[in-house]
Amino acid sequence: MAKNRLFLQLLSLSLLPTAVYSWAFTSLHPRRTSLIALSSVSKSSELWNVEKVDHISEWTTNHESYPNPLSLKDKIPSSWFVGVDDAVAMNVKIDAHETIDVSDDDEDEDGEDHTTVGHRGGINAEAFILAGPRAEISFDPSTSKAAIVTCGGLCPGLNSVVREVVMCLSRQYGVKDIVGIPKGYRGFLYPEEWKSLDEGGVQNLHNQGGSMLGSSRGGHDTGAIVDSLVNEGINLLFVSGGDGTVRGASKIAEGVKRRGLAISVACIPKTIDNDIPLIDRTFGFETACEAACEAIKVANTEAAGFPFGLGVVKVMGRNSGFIAMHSSLGSCVADLCLVPEVDFYLDGKGGIVDHLYERLLVNDKAVVVVAEGAGQKLMAELGAAGEEVKDASGNVLLDDVGPWLCKQLKQRLDERLEEASIHGDKLTLKYVDPSYMVRGVPPNTADNLYCLQLAHNAVHGAMAGLSNFIVGSVNTKECYVPISMVANKRNVIDTSHQSLWEMVVFSTGQPSFQTNEDKDEKDAITTASGGTTI
């Protein structure tokens with residue numbers, strides 16, 4: 001009997017010594033399960049809903065299944081395969097008083113009512129289908145044909161994803177007909193340019209930056225893409241890209257569904273900014289932070305080499321400042337971290353000028369890390385913003401905060417430092433912009449491993465017939481998240497709850513710029529990288 005398990009790290013039963021829990025799985029949908037925690041002290045139950053992921057059997061007449069080739073290997077434990085009830089809880093942070101719902105009407109000797117009512121926060125709480133190989137699959141590997149496409153900006157690990165999709169399809173499932181779509185979504189229009197992929201051709205891809213398939217922004221035509229899939233006999237499509245690419249993948253999946261086609265669409269989300277919601281992190285992010293840290297260390301060395309040295313480092317982060325936050329903490333030398341999520345001001349009490357002035361007097365140097373999307377509002381208020389221009393993906397091109405910030409700090413600190421210096425020293429400013437050096441490098445070991453996990457689990461899900469999902473790590477467990485839950489949403493730094501941002505403020509000593517407003521929403525979900533969804 002397959003072992004039923006749900007990774008509910010958020011329930012700590014030791015907090016409830018008087019309660020006796022048993023677990024029962026109830027099937028509410030062929031691919032949606034609900035977990036009920038039954039308590040002997042509770043008159044109601046906790047219900048955990050597993051978010052549904054599309055399956056090709058829902059819109060096709062062919063419901064055949066095949067044994068997973070992995071299950072036919074000798075001495076393979078059945079526990080290595082994912083059961084129908086295996087899932088991952090979305091939230092691991094809890095209030096211990098919300099784990100059960102009880103109503104205990106009682107009056108003590110003095111006649112006072114001591115009714116205890118627990119919160120119902122756990123009821124209908126979300127969970128996701130656990131990723132991994134299934135014992136039975138929905139496609140015959142011997143007749144399957146797979147396609148891989150990479151879209152949007154480059155990111156460390158794209159080649160690793162391509163490599164591992166090919167390796168998993170070929171080695172583990174025996175799928176040999178695999179093609180790469182060049183130049184992003186527009187490449188679907190030119191099947192004569194598609195590249196045949198095999199193990200030998202991708203063997204060393206993980207050591208290279210960029211994407212062997214190339215990429216592009218825009219160029220999405222849902223109808224033409226689905227036509228191309230049908231004409232070329234593709235039944236497994238793997239897409240890797242950012243938020244716009246993910247939305248495009250969902251449109252393809254919906255187009256396939258409307259036509260009743262047995263085609264699975266799996267998405268491996270890619271964004272160097274780490275702004276895909278709900279998941280712990282995106283691949284390439286750790287490599288980008290590592291590269292950013294090297295730039296910060298260079299800026300620190302330069303700043304330390306001169307009186308009143310100030311190193312300013314601009315890193316990527318259009319709407320989400322995760323690279324700036326993580327590299328500031330990881331470098332251990334940053335005195336100020338500026339991110340798009342937090343508005344800052346220059347002058348007056350609590351402004352960044354006073355903070356840097358104090359650091360320069362004490363340490364004779366300071367280091368500032370600024371995300372590219374930080375300060376856009378302040379620049380507009382001070383008349384430094386240009387006209388709004390968008391790229392092919394519809395992203396607004398940002399005003400360049402790096403040089404602008406350097407100019408503002410130089411103007412404000414020179415005179416004050418000159419007066420404070422017995423030698424009349426002014427600010428010595430060094431500006432570092434690693435920019436594309438952060439995203440064009442090969443992935444580090446941690447990201448290579450993560451790419452392998454994501455790519456293999458994308459293949460496992462697609463071969464099982466699942467579609468219209470992204471694969472990602474949620475609370476350290478890889479799972480399948482419906483694209484509808486992340487489309488048109490963004491992961492940003494959670495500055496309202498305990499995450500990582502408070503560590504930045506505390507460790508750098510910088511101004512908080514926060515209000516005293518209590519934003520402790522009960523439904524807030526903070527990811528492992530310190531993000532929340534907007």
Side-chain angles (χ1 to χ4, degrees), residues 54 56 60 137-152 158-202 205 211-216 219-242 244-257 259 261-270 451 454-471 483:
D54 286 349
I56 61 168
T60 63
I137 56 178
S138 297
F139 293 100
D140 181 354
S142 65
T143 60
S144 292
K145 184 176 182 179
I148 311 167
V149 64
T150 58
C151 308
L158 272 173
N159 274 331
S160 294
V161 166
V162 173
R163 178 190 191 275
E164 294 306 328
V165 168
V166 173
M167 287 296 193
C168 188
L169 283 168
S170 178
R171 285 187 178 179
Q172 299 184 32
Y173 286 93
V175 176
K176 300 301 181 182
D177 199 353
I178 309 168
V179 295
I181 313 297
K183 303 175 184 177
Y185 280 136
R186 69 178 65 171
F188 282 96
L189 303 178
Y190 310 100
E192 67 276 5
E193 297 180 5
W194 293 7
K195 300 179 180 181
S196 180
L197 302 176
D198 57 26
E199 292 186 37
V202 302
L205 275 186
S211 170
M212 71 162 292
L213 299 176
S215 187
S216 67
H220 188 280
D221 183 333
T222 302
I225 291 173
V226 176
D227 287 341
S228 185
L229 294 176
V230 173
N231 293 337
E232 299 301 320
I234 304 295
N235 56 4
L236 299 166
L237 176 61
F238 300 93
V239 180
S240 186
T245 302
V246 170
R247 291 193 297 272
S250 183
K251 291 179 181 178
I252 296 171
E254 291 297 331
V256 164
K257 185 176 181 178
R259 298 194 196 185
L261 303 172
I263 300 175
S264 283
V265 180
C267 193
I268 304 150
K270 173 246 21 151
C451 288
L454 295 177
H456 287 206
N457 281 322
V459 172
H460 294 321
M463 290 299 296
L466 298 177
S467 186
N468 206 359
F469 67 88
I470 67 167
V471 60
I483 291 181

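The backbone N or O of T245 lies less than 3.5 Å from a partner atom in the side chain of Y185, making a donor-acceptor pair. Using modelled atom types, one side-chain atom of K145 and one backbone atom of E232 make a donor-acceptor pair closer than 3.5 Å. Between the S138 side chain and the A464 main chain, a donor and an acceptor come within less than 3.5 Å of each other. With hydrogens and angles ignored, the 3.5 Å screen pairs no side-chain donor or acceptor of S170 with any backbone N or O of E199. Side chain of S215 to backbone of G184: no donor-acceptor contact under 3.5 angstrom is found.
The side chain to side chain contact (heavy atoms under 4.5 Å, CB included) with V165 is formed by just one residue from the set L454, I268, I178; it is I268.
Rounded to the nearest 0.5 Å, atoms OG (S228) and OH (Y190) are 11.5 Å apart. Rounded to the nearest 0.5 angstrom, K270 NZ and S240 OG are separated by 7.0 Å. For the atom pair L205 CG and M212 CE, the distance stands at 5.5 Å (nearest 0.5 Å). For the atom pair CZ of F188 and CG of L237, the computed distance is 4.5 Å after rounding to the nearest 0.5 Å. Atoms OG and NZ, on S250 and K257 in that order, are 9.5 Å from each other to the nearest 0.5 Å. Taken from CD1 in I148 to CZ in F238, the straight-line distance is 7.0 Å, to the nearest 0.5 Å.
For H220 against G248, the heavy-atom pair with the smallest separation is NE2-O, 3.1 Å. Closest non-hydrogen pair, R259 versus G223, comes out as NH2-O, 3.4 Å. Across all their heavy atoms, L158 and T150 have their closest contact at CD2-CG2, 3.8 Å. Of all heavy-atom pairs between T143 and N235, the closest is O-ND2, 4.4 Å. The two residues I137 and P141 make their nearest non-hydrogen contact at CD1-CG, 4.0 Å. G201 and D198 get closest at one heavy-atom pair: N-OD1, 2.8 Å.
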* **S467 vs V256, side chain to side chain contact (heavy atoms under 4.5 Å, CB included): CA-CA, chis, key distance, verdict** => CA-CA 10 Å; S467 186; V256 164; 6.0 Å; no
* Can you list the steps and then say if L169 with L236 is a side chain to side chain contact (heavy atoms under 4.5 Å, CB included)? -> CA-CA 10 Å; L169 283 168; L236 299 166; 4.2 Å; yes
* To do: Output, in order, the C-alpha distance, side-chain angles, deciding distance and verdict of side chain to side chain contact (heavy atoms under 4.5 Å, CB included) for H456 and Q172.
  => CA-CA 9 Å; H456 287 206; Q172 299 184 32; 3.3 Å; yes
* Trace of the side chain to side chain contact (heavy atoms under 4.5 Å, CB included) decision for V459 with V175 -> CA-CA 11 Å; V459 172; V175 176; over 6 Å; no
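Ring centroid separation for the pair Y173 and H460 comes in under the 6.0 Å cut-off.
Side-chain contact between F469 and C267: absent, with no pair of heavy atoms (C-beta onward) separated by less than 4.5 Å. A heavy-atom distance below 4.5 Å is not found between the side chains of V265 and N468.
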